[in-house]
*Asks:* 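Questions regarding the structure given below will be posed in turn.
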Amino acid sequence: FSTLSPFTQAVPWHYFASLAEGAGVGYYANGWHIVGTALNGSRGIRVVDSEERGHLNNFAINATHEWTNGHLFTRFGAGYLHGTIYDGETAEHLDPTVTGPRNGLWDVNGTVRYERLTVSGEFIQTMKNWPVTDARVTAYKVEAALDVHFGAAPGWISGSWSEGLQGPEGSEFEFNRQLVVGGAAEVSRNVLLTLEYVESSGFAPLIN
């Protein structure tokens, strides 16, 4: 869920960030980074949900591979979360009594950097329909950033478009869109100045 914007997260973080208790194991070598995490049951702070708390009955798996060839850097990844909050009949992400049949999610993401230009994208979707809207919950982002200099200060300018889709066309749940245009300047080793324009439209279903 990283972003090329100086400060503001993209929409996929709002829909699918996983904050929960758990224990994991990872592997990192030859460009591969693979992590598996067993998660405590019930509702986490955001998207995690499964059977009763006190048991490791949910899990997540994430893998990325990156490589560099001269000025070209690429990183591609995929992930899966077994139990999410998109399993209940109410648009609510904190109440542990709101639950239902498991509804996992899958994610693919990638970043390509060539010299001063970086582009990034991500796509996430639930495995089944969300009972609240009888539609799969989907989020995606497309971003780009260009390294620049503001006088003697290195920095970058960036643009980000992201969208969440969670309901039928014409309903209040249909979309949640965000445009971010920003820039940053590192005026010293410990001072970063940033400026952003953020435009949001649509409906954020879990906070109205």
Side-chain angles (χ1 to χ4, degrees), residues 1-24 26 33-51 53 56-64 75-88 90-96 98-100 102-111 120-133 135-143 158 160-167 173 175-180 182 194 196 198 200-208:
F1 301 111
S2 61
T3 179
L4 299 180
S5 299
F7 182 78
T8 301
Q9 284 284 0
V11 166
W13 188 94
H14 170 76
Y15 281 80
F16 293 114
S18 304
L19 303 176
E21 302 165 335
H33 188 191
I34 304 171
V35 178
T37 307
L39 299 171
N40 189 18
S42 191
R43 295 226 157 181
I45 299 174
R46 293 196 63 85
V47 76
V48 173
D49 188 36
S50 62
E51 288 82 4
R53 183 172 294 278
L56 295 175
N57 52 34
N58 198 359
F59 69 90
I61 300 173
N62 287 280
T64 61
R75 179 175 60 235
F76 294 99
Y80 174 75
L81 174 63
H82 193 49
T84 75
I85 57 175
Y86 300 109
D87 57 2
T90 304
E92 163 62 52
H93 72 90
L94 290 176
D95 186 352
V98 177
T99 188
R102 281 187 188 264
N103 190 3
L105 65 87
W106 59 276
D107 171 285
V108 290
N109 57 84
T111 299
S120 178
E122 185 168 24
F123 182 89
I124 315 173
Q125 188 175 69
T126 56
M127 301 293 291
K128 303 175 183 177
N129 288 356
W130 186 22
V132 172
T133 61
R136 293 192 183 190
V137 180
T138 300
Y140 70 89
K141 69 175 183 182
V142 180
E143 300 181 322
S158 63
S160 171
W161 171 260
S162 54
E163 184 175 28
L165 304 168
Q166 67 266 331
F173 287 88
F175 64 82
N176 180 21
R177 295 169 179 158
Q178 179 179 275
L179 170 68
V180 182
T194 68
E196 285 187 342
V198 182
S200 299
S201 60
F203 181 69
L206 301 179
I207 59 175
N208 195 16

*Asks:* Is there a side-chain contact between V48 and L81 in this structure, where contact means two heavy atoms from C-beta onward sitting under 4.5 Å apart?
*Replies:* yes
*Asks:* Kindly give the heavy-atom pair with the smallest separation between T133 and G167, and that separation in Å.
*Replies:* CB-CA, 3.9 Å
*Asks:* Establish, from distance only, whether the side-chain atoms of Q166 and Y15 form a donor-acceptor pair under 3.5 Å.
*Replies:*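 The criterion, which ignores hydrogens and geometry beyond distance, is satisfied for Y15 and Q166.
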*Asks:* Keeping the roles fixed (side chain from T126, backbone from V137), state whether a donor-acceptor pair exists under 3.5 Å.
*Replies:* yes
*Asks:* Are D49 and T84 close enough, and set up right, to give a side-chain contact (heavy atoms from CB on, under 4.5 Å), and what steps lead you there?
*Replies:* CA-CA 5 Å; D49 188 36; T84 75; 5.8 Å; no
*Asks:* Just wondering, do N58 and R102 contact through their side chains at under 4.5 Å, heavy atoms?
*Replies:*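 Result yes, sub-4.5 Å side-chain heavy-atom pair found.
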*Asks:* Could you go through the ring-ring contact (aromatic ring centres under 6.0 Å, His included) check for F203 and F173 one step at a time?
*Replies:* CA-CA 6 Å; F203 181 69; F173 287 88; 4.9 Å; yes
*Asks:* Using only heavy-atom distances, determine whether the side chains of Y140 and E163 contain a donor-acceptor pair under 3.5 Å.
*Replies:*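 Yes, because at least one side-chain N or O of Y140 sits under 3.5 Å from a partner of the opposite role on E163.
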*Asks:* Yes or no on side-chain contact (heavy atoms from CB on, under 4.5 Å) for T37 and N62, after CA distance, side-chain angles and deciding distance?
*Replies:* CA-CA 9 Å; T37 307; N62 287 280; over 6 Å; no
*Asks:* Can you check whether W161 reaches R177 side chain to side chain, under 4.5 Å on heavy atoms?
*Replies:* yes
*Asks:* How far apart are the closest heavy atoms of S18 and V47, and which atoms are they?
*Replies:*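 Result for this residue pair: OG-CG1, 3.4 Å.
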*Asks:* So which heavy atom on G88 is nearest to which on W130, and how close?
*Replies:* O-NE1, 3.7 Å
*Asks:* Using a 4.5 Å cut-off on heavy atoms from C-beta on, say whether the side chain of H14 contacts that of R46.
*Replies:* yes
*Asks:* Check residues 1-10 and write down every donor-acceptor pair under 3.5 Å in which the side-chain atom is one partner and the other belongs to a residue at least two apart or another chain.
*Replies:*
{"unit_1": "T3", "atom_1": "OG1", "unit_2": "S5", "atom_2": "N", "d": "3.2"}
{"unit_1": "T3", "atom_1": "OG1", "unit_2": "E143", "atom_2": "OE2", "d": "2.7"}
{"unit_1": "T8", "atom_1": "OG1", "unit_2": "E196", "atom_2": "OE1", "d": "2.5"}

*Asks:* Start with the C-alpha gap between M127 and L105, add the side-chain angles, then the distance that decides, and say whether side-chain contact (heavy atoms from CB on, under 4.5 Å) holds.
*Replies:* CA-CA 5 Å; M127 301 293 291; L105 65 87; 5.6 Å; no
*Asks:* Quick one: pull up CG in L179 and OG in S201 and give me the separation to the nearest 0.5 Å.
*Replies:*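 Interatomic distance, L179 CG to S201 OG, rounded to 0.5 Å: 9.5 Å.
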*Asks:* Is E21 atom CD crowded by more than 12 heavy atoms from other residues, nucleotides or ligands, each under 6.0 Å away?
*Replies:*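 Counting other residues, nucleotides and ligands, CD of E21 stays at 12 neighbours or fewer.
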*Asks:* Can you tell if the side chain of V98 reaches within under 4.5 Å of the side chain of D87, non-hydrogen atoms only?
*Replies:* no
*Asks:* Can you confirm whether S42 sits close enough to N40 that some side-chain heavy atom of one is under 4.5 Å from a side-chain heavy atom of the other?
*Replies:*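 The answer is no; the side chains never approach within 4.5 Å.
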*Asks:* Using every non-hydrogen atom in the two residues, find where A78 and N109 come nearest and quote the distance to one decimal.
*Replies:* N-ND2, 4.1 Å
*Asks:* Mark yes or no for whether S162, through its side chain, and V11, through its backbone, hold a donor-acceptor pair below 3.5 Å.
*Replies:* yes
*Asks:* What I'd like to find out is whether the side chain of I85 reaches to under 4.5 Å of the side chain of T99, using heavy atoms alone.
*Replies:*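 The answer is no; the side chains never approach within 4.5 Å.
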*Asks:* Counting only N and O atoms by type, is there a donor-acceptor contact under 3.5 Å from the side chain of R53 to the main-chain atoms of R43?
*Replies:*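 Yes: the side chain of R53 pairs with the backbone of R43.
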*Asks:* For F123 and T138: C-alpha separation, side-chain torsions, deciding distance, then whether side-chain contact (heavy atoms from CB on, under 4.5 Å) applies.
*Replies:* CA-CA 8 Å; F123 182 89; T138 300; 3.5 Å; yes
*Asks:* In chain order, what residues pass the side chain to side chain donor-acceptor pair (under 3.5 Å) check against S50, with sequence neighbours excluded?
*Replies:*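 Side chain to side chain donor-acceptor pair (under 3.5 Å) check on S50 returns N57.
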